[in-house]
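Shown next, in structure tokens, is the structure this report addresses.
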Amino acid sequence: MCGRYTLHTSPQRIAELFDAQLAVGLADFVPRYNIAPTTPAPVVRMADVGRVIELMRWGLIPHWSREPSTKFATFNARSEDAAEKASYRGPMRYRRCLVPVDGFYEWRKRDRGPKQPYLFRMADDQPFALAGLWDVWQDELQSFSVLTTKANTLMATIHDRMPVIVDPADHARWLDPGLQDPDAVADVLKPFPSELMLATPVTTYVSNARNEGPRCIEPVEPTIFD
DNA sequence: CCAGACGTTGTT
DNA sequence: GTCTGG
DNA sequence: CCAGACGTTGTT
DNA sequence: GTCTGG
């Protein structure tokens, strides 16, 4: 699963990498090391003019919701059955997006002490894309969810689920609003190869969602209890 | 048909 | 809006 | 995801 | 134990 991540690469570099236009205000997006559910984050989606990067709230609020509330856990969606779920059926067909990140966190429960956070990133330390779904509520609030899949062998040491990481070669197809049959993009939703990723135990400073800054990704030595 | 939910994960 | 349960 | 709160009334 | 806020 995926409930916290980083995006400290500059918006200009992200726009370049994803071949997308930055929405107004996004050029000033400050480096983030602790993006949490219910908070805004940059998302890449197709618009009439092509790919755009906009701020959306993490935690998908369906357009039919009475309240823009976080009543249910919609910051992740199971890729295996999202196309059949009431909340994701529409988004899976018409509103797929990419979530730019340069790493994400997972926590492992220990026998004693607080949970140990791990930072997962690419071995080459480059930014990458998570598969996302988005929606609009009351023509004013855009929000998104991150798809999950089976853990690869690296992640399986901590969890049996992981976020879907979209291979750059699949970006265009995933975003294509012309593909309205979930089967046409189902092959994109697979576990990313472990050998291209790294995991590092980091300080529990990141565990509090109010904490920010480079200190969040500070490595720590694994302990006997890890 | 209508009413009521609409979600995920880990842990027990 | 759309799915599930009764 | 984790951390932190978890309640009501009347009065100011 | 379970919900809300970040």
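Just so we're on the same page: letters track the sequence lines, and every chain starts at 1.
Pairing for D/dT8 is absent, with no Watson-Crick or G-U wobble pair whose two atom distances lie under 3.5 Å. Nucleotide C/dG5: paired with B/dC2 (Watson-Crick or G-U wobble, both distances less than 3.5 Å).
One atom, CZ of A/Arg32, and another, P of E/dG6, lie 13 Å apart when rounded to the nearest Å. One atom, CZ of A/Arg57, and another, C1' of E/dT4, lie 11 Å apart when rounded to the nearest Å. Per the geometry, CE belonging to A/Met162 stands 13 Å off P belonging to B/dG10, to the nearest Å. Rounded to whole Å, the distance from CZ on A/Arg95 to P on C/dT2 is 10 Å. The CG-P distance, from A/Asp135 to C/dG1, rounds to 12 Å in whole Å. Between A/Arg66 atom CZ and B/dA5 atom P there is a gap of 12 Å when expressed in whole angstrom units. Rounded to whole Å, atom C1' of D/dA5 lies 11 Å from atom CZ of A/Arg210. A/Asp81 has its CG atom 15 Å from the C1' atom of C/dT2, to the nearest Å.
Here A/Phe72 does not pack flat against the base of B/dG7, since the 5.5 angstrom centre distance and 30 degree tilt limits are not both met. Remark: ring of A/Phe104 does not overlap the six-membered base ring of D/dC1 in a stacked fashion, as centroids less than 5.5 Å apart with planes less than 30° apart are not both met.
For A/Thr38 against E/dG6, a side-chain-to-base donor-acceptor contact under 3.5 Å is present.
Across E/dT2 and D/dG10, the matching C1' atoms stand 29 Å from one another, rounded to whole Å. Nucleotides E/dG5 and B/dG4 have their C1' atoms positioned 27 Å apart, rounded to a whole Å. Nucleotides B/dT12 and D/dC2 are separated by 14 Å at their P atoms, to the nearest Å. Rounded to whole Å, the P atom of B/dA5 lies 25 Å from the corresponding atom of D/dT9. Here, D/dC1 and B/dG7 have their C1' atoms 14 Å apart, quoted to the whole Å.
The shortest distance between the side-chain N/O atoms of A/His159 and the OP1/OP2 oxygens of B/dG10 is below 4.0 Å. For A/Arg89 and C/dT2, the shortest distance from a side-chain N or O to OP1 or OP2 is not below 4.0 Å. Listed pair A/Lys71 / B/dC6 fails the phosphate criterion, with no side-chain N or O lying under 4.0 Å from OP1 or OP2. Close to B/dT9, at under 4.0 Å from its OP1 or OP2, lies a side-chain N or O of A/Arg78. Residue A/Ser87 has no polar side-chain atom (N or O) positioned under 4.0 Å from OP1 or OP2 of C/dT2.
Backbone-only contact: A/Thr148 has heavy atoms under 4.0 Å from sugar-phosphate atoms and none from a base. Base engagement by A/Phe75 is indicated by at least one non-hydrogen atom pair under 4.0 Å involving a base atom. At a threshold of 4.0 angstrom between heavy atoms, the contacts of A/Asn34 with the nucleic acid are absent. Residue contacts for A/Glu84: at a heavy-atom cut-off of 4.0 Å it reaches the sugar-phosphate backbone alone, with no base atom in range.
Note on A/Asp167 versus A/Arg173: no salt bridge recorded, every NZ/NE/NH1/NH2 to OD/OE distance being 4.0 Å or above. Ion pairing between A/Arg13 and A/Glu16 holds under the 4.0 Å rule for side-chain N and carboxylate O. Ion pairing between a basic and an acidic side chain is recognised when a charged N comes within 4.0 Å of a carboxylate O; A/Glu84 and A/Arg89 show no such pairing. Ion pairing between a basic and an acidic side chain is recognised when a charged N comes within 4.0 Å of a carboxylate O; A/Asp102 and A/Arg121 show no such pairing. Residues A/Glu80 and A/Arg161 are paired through a salt bridge, judged by an N-O separation under 4.0 Å between the basic side chain and the carboxylate.
Residues A/Ala86 and A/Met1 both approach DNA chain B. Their nearest nucleotides, taken by heavy-atom distance, put A/Ala86 toward the 5′ side.
Other residues, nucleotides and ligands place more than 12 heavy atoms under 6.0 Å from the CD atom of A/Glu212.
Taking every side-chain heavy atom of A/Lys85 into account, B/dT8 is the closest of B/dT8, D/dC1, C/dG1. Among the nucleotides D/dC2, B/dG7, B/dG10, the one closest to the side chain of A/Arg161 is B/dG10. With D/dC1, B/dG7, D/dG4 as the choices, the nucleotide that has an atom nearest any side-chain atom of A/Asn208 turns out to be D/dG4.
Under a hydrophobic clustering in which Ile, Leu, Val, Met, Phe, Trp and Tyr are joined whenever their side-chain heavy atoms come within less than 4.5 Å, directly or via other members, A/Trp107 and A/Tyr5 fall into different clusters.
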